[in-house]
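The next block holds one structure in the form of structure tokens; read it before the comments.
In listed order, ligands and their atoms are each counted from 1. By convention here, the first residue in the shown sequence is residue 1. Only this structure's heavy atoms are used, side chains among them; waters, hydrogens and symmetry mates stay out.
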Amino acid sequence: MMDFNLKPVASQPDQNSEKHVKVLILGTGPAGLSAALYAARADLNPVVLTGMELGGQVSLTYTVENYPGFPDGVSGTEMVELFQRQAEKFGAVVEYDTAIKADLSRKPFRIETYNTVYLADTLIVTTGATPRHLEIPGERELTGRGVSYCATCDGWFFKGKEVIVVGGGDSAVEEAIFLTRYADSVTIVHRRDELRAGPILQERAFDNPKIKFIWDSVLTEIVGEDAVRSIRLQNLRSGAIQEMRTDGVFIFIGHTPNTQLFEGQLTMDAAGYIITDKLMRTNIRGVFAAGEAADPVYRQVVTSAGMGAAAAIQANHYLDEIAGETSPSNVALKRQ
Ligand code: NAP
């Protein structure tokens, strides 16, 4: 998960290290790296900033089975490596750096990172999203001590143990199935009595003897000191509260878009997703957005990649337009 919402550290970037780029892309998930590929092939020499993590959420996915061209599936990390390699082959430059300030009121746009100040003729925002938290007692304190948002990262620690998965969407069910590789028992706690996940995943989960379900229930507390020991659960129909022993709690209840850096500058919906038109244009001319930061609906690798490609194509058109507007003959025409 790319986190572009970290606060700046005390040190300031060296103002002498200003770099002027035609296309700056924030984020190296499928949207960012697809935008990079298209911008690179248009000879725009794009620079792509990784944010705090390379690859976005897909890099934490064990297997991607629904991206065309990979009939046997592909691991998330391998997919990101392939995307990156392909973009770099055509000249994209991936920088391990994070944007901490953005001024979109001036042109070129001014993006400050920990190391550099970028002056960008166009900006493509593909900052992705971060897993949502339950915001219950014990969650924050026990994160990394049994509370996790990534089965691929942490599943191994739960060999032979019992874990809880919270959520009923594709992520929760997919990750629950993955966790059965390690854990003896995986219990999905869902707040309703039917899953939101797609039918194939549902079928696999229902057929898996290690997976159990607790319906119509929410966690009210995660209990433990150095490690997770139990959870408190409330049944939403009866109101009854029970305590249940567990070794780990994996939370998959959706995401929050990483768009705080642009609050007050880019138009967003109530949940913080950047609003674009069909051409991936934001409210600021020259700034485009793609992938999960701008997509509360599909949020698939394939749709994000498509949005990223579209954003880069439009960024190229925009650069052609402004070159035309500022060409000496056009400036002379306008003066007449
Ligand atoms: P999601 O589809 O938004 O599902 C979130 C789940 O968490 C829902 O079941 C929701 O319950 C539950 N939830 C939300 N807030 C909660 C709370 N405060 N307490 C308890 N439960 C809560 O999110 P997702 O599963 O991360 O999927 C995100 C997108 O990625 C989706 O479009 C999904 O299709 C896609 N995705 C696809 C795949 C795949 O195709 N293999 C894999 C992963 C993700 P309700 O159902 O009651 O709302």
### Query
Counting from 1, what ligand 1 atoms have a heavy atom of Phe252 closer than 4.0 Å?
7 (O)

### Message
Suppose I only count heavy atoms of Tyr298 and a 4.0 Å limit; which atoms of ligand 1 are within that range?
### Response
32 (O)

### Message
Is a donor from one side chain sitting under 3.5 angstrom from an acceptor on the other, for Thr246 and Glu162?
### Response
no

### Query
Nearest non-hydrogen atom to atom 37 (C) of ligand 1 belongs to which of Val297, Val58, Asp170, Thr63?
Asp170

### Query
Crowded around Arg140 CZ? As in, over 12 foreign heavy atoms under 6.0 Å?
no

### Task
Find all atoms of ligand 1 within a distance of less than 4.0 Å from any non-hydrogen atom belonging to His255, and give their numbers and elements.
26 (O)

### Task
Over 60° means perpendicular and under 30° means parallel, so classify the ring planes of Phe206 and Phe213, tilted if in between.
tilted

### Message
Out of all atoms in ligand 1, which are within 4.0 Å of some heavy atom of Arg192? Include the element for each.
### Response
45 (P), 46 (O), 47 (O)

### Query
What part of Arg299, side chain, backbone, both or neither, has a heavy atom within less than 4.0 angstrom of ligand 1?
both

### Task
Number the atoms of ligand 1 from 1 as they appear, then name those within less than 4.0 Å of a heavy atom of Gln300, with their elements.
32 (O), 33 (C), 34 (O), 35 (C), 36 (N), 37 (C), 40 (O)

### Query
Under 3.5 Å, is there a donor-acceptor pair linking the side chains of Ser148 and Asp154?
yes

### Query
What do you reckon, does Val218 have a nitrogen or oxygen under 3.5 Å from a nitrogen or oxygen of ligand 1?
no

### Query
So which protein heavy atom does atom 9 (O) of ligand 1 come closest to, and at what separation?
Gly168 N, 3.0 Å

### Check: Tyr118 ring centroid to His20 ring centroid under 6.0 Å
no

### Task
Check the side chains of Asn115 and Thr113 for a donor-acceptor pair under 3.5 angstrom, ignoring hydrogens and angles.
no

### Query
With a 4.0 Å heavy-atom cut-off (strictly under), which part of Leu134 contacts ligand 1: side chain, backbone, both or neither?
side chain

### Geometric N/O contact Gly169 with ligand 1, under 3.5 angstrom
yes

### Summary
Among Ser217, Gly254, Ser171, Gly198, closest by heavy atom to atom 27 (O) of ligand 1 is Ser171

### Task
Give the residue, atom name and distance (to 0.1 Å) of the protein heavy atom nearest atom 18 (N) of ligand 1.
Ile253 CD1, 3.9 Å

### Message
Is it the case that the ring center of Tyr182 lies less than 6.0 angstrom away from the ring center of Phe157?
### Response
no

#### Entry: Contact check, side chains of Val228 and Asp247, non-hydrogen atoms, under 4.5 Å
no

### Message
In this structure, would Ile275 and Met280 fall into the same cluster of hydrophobic residues linked by side-chain contacts under 4.5 Å?
### Response
no

#### Entry: Over 12 non-hydrogen atoms of neighbours within 6.0 angstrom of OH in Tyr298
no

### Query
Closest non-hydrogen protein atom to atom 42 (C) of ligand 1, residue and atom name please, with distance?
Glu174 OE1, 3.4 Å

### Query
Touching ligand 1 at all, Asn66? Heavy atoms, strictly under 4.0 Å?
yes

